[in-house]
Asker: 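Quick one: the structure is below, and I'll ask about it shortly.
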Amino acid sequence: MDVIGSRKRGVIESAGEKKHLVIRRLCCSHCGRVHHELPDILVPYKRYSSQTIEAGIGDTRNDLPCERSTIRIWQIWFALLEKYFDACLIAIKMLYHHNEITFIYSLLHPLKNRKKYPAGWLSLSA
């Protein structure tokens with residue numbers, strides 16, 4: 001991957017504060033596609049921070065800087081992708097021939113127990 005530039009990306013934090021980040025643009029030397037290097041605080045194609053989305057999906061806070069309909073959309077989005085995340089983790093296990101299944105369950109545990117998310121779970125799975 002070669003760095004070909006950067007771009008600005010906006011994000012809305014859990015307090016409602018808007019920030020602008022500078023994201024590196026990378027070009028793949030094999031396929032020629034452009035990729036963006038996102039930090040853990042961003043979720044691809046979402047304008048709110050991962051911490052805000054985590055709180056919305058888990059229904060852990062009532063003071064989020066977005067409408068209830070947006071939170072419901074996040075919950076539906078996550079419910080639709082939960083099986084995909086599960087399949088990806090199983091594929092990673094098979095790819096690396098790990099006999100220990102504990103690392104898969106440790107990542108899926110917060111996905112399965114919707115009300116008991118540890119902080120930062122979305123940045124680990126996204």
Side-chain angles (χ1 to χ4, degrees):
M1 296 270 210
D2 300 320
V3 177
I4 59 170
S6 61
R7 65 182 292 268
K8 287 187 178 179
R9 164 85 188 266
V11 63
I12 303 171
E13 302 250 324
S14 57
E17 179 184 343
K18 294 180 181 180
K19 288 188 175 181
H20 292 282
L21 305 173
V22 177
I23 306 297
R24 287 193 327 168
R25 299 180 74 217
L26 307 167
C27 183
C28 179
S29 55
H30 296 291
C31 67
R33 289 185 169 183
V34 175
H35 302 276
H36 295 94
E37 185 178 47
L38 298 179
D40 288 346
I41 65 166
L42 293 178
V43 177
Y45 308 108
K46 304 289 183 212
R47 69 176 68 192
Y48 291 90
S49 69
S50 60
Q51 181 184 18
T52 307
I53 296 173
E54 285 176 16
I57 291 172
D59 266 339
T60 57
R61 290 181 40 198
N62 294 326
D63 62 340
L64 295 175
C66 56
E67 296 180 7
R68 187 69 195 152
S69 61
T70 301
I71 294 171
R72 187 66 188 135
I73 289 169
W74 295 338
Q75 291 170 341
I76 292 168
W77 165 79
F78 184 75
L80 291 173
L81 286 178
E82 187 173 358
K83 288 183 181 180
Y84 172 74
F85 293 148
D86 188 19
C88 287
L89 293 171
I90 290 170
I92 290 168
K93 176 193 174 286
M94 291 172 63
L95 180 67
Y96 291 103
H97 306 288
H98 287 288
N99 294 330
E100 303 155 5
I101 200 159
T102 56
F103 86 96
I104 287 180
Y105 286 126
S106 66
L107 287 176
L108 284 180
H109 181 73
L111 306 180
K112 302 278 185 198
N113 298 318
R114 295 208 177 276
K115 301 292 182 189
K116 300 175 183 173
Y117 295 116
W121 66 265
L122 186 58
S123 60
L124 292 174
S125 59

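Side-chain atoms are counted along with the backbone in the values below, which use heavy atoms only and exclude waters and symmetry mates.
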Asker: To the nearest 0.5 angstrom, please state how far the CD1 atom of Ile53 sits from the NZ atom of Lys46.
Answerer: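 Between Ile53 CD1 and Lys46 NZ, I get 6.5 Å after rounding to 0.5 Å.
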Asker: For Ile71 versus Cys66, what's the shortest heavy-atom pair and its separation?
Answerer: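 What the structure gives for the nearest pair is CG1-SG, 3.7 Å.
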Asker: Please list, one pair per line, the donor and acceptor atoms closer than 3.5 Å that link side chains of residues 12-27 to other protein atoms, with sequence neighbours excluded.
Answerer:
from, atom 1, to, atom 2, distance (Å)
Arg24, NE, Glu37, OE1, 2.6
Arg24, NH2, Glu37, OE1, 3.0
Arg24, NH2, Glu37, OE2, 3.3

Asker: Is the number of heavy atoms from other residues, nucleotides or ligands under 6.0 Å of Asn62 CG greater than 12?
Answerer: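 No, because the 6.0 Å sphere around CG of Asn62 holds 12 heavy atoms or fewer from other groups.
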Asker: Indicate, with yes or no, if Val43 and Leu80 share a hydrophobic cluster defined by side-chain heavy-atom contacts under 4.5 Å among Ile, Leu, Val, Met, Phe, Trp and Tyr.
Answerer: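 Different clusters: Leu80 never reaches Val43 through Ile, Leu, Val, Met, Phe, Trp or Tyr contacts under 4.5 Å.
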Asker: Group every Ile, Leu, Val, Met, Phe, Trp and Tyr by side-chain heavy-atom contacts under 4.5 Å, then state whether Ile57 and Ile73 land in the same group.
Answerer: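 Unlinked, Ile57 and Ile73 end up in two clusters.
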Asker: So does Arg47 have more than 12 non-hydrogen atoms from other groups sitting under 6.0 Å from CZ?
Answerer: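 For Arg47, atom CZ is not crowded (no more than 12 foreign heavy atoms under 6.0 Å).
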Asker: Would you list the pairs meeting ring-ring contact (aromatic ring centres under 6.0 Å, His included) in which at least one residue belongs to residues 27-71, sequence neighbours left out?
Answerer: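 The answer is Tyr48-Trp74.
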Asker: Is the side chain of Thr52 donor-acceptor paired with the backbone N or O of Pro65 at a distance under 3.5 Å, no angle test?
Answerer: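 No; judged by distance alone, with no hydrogens or angles, the pair does not exist.
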Asker: If I compare all heavy atoms of Ser29 with all of Met1, which pair ends up nearest, and what's the gap?
Answerer: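 Smallest heavy-atom distance, with atoms named: OG-N, 4.4 Å.
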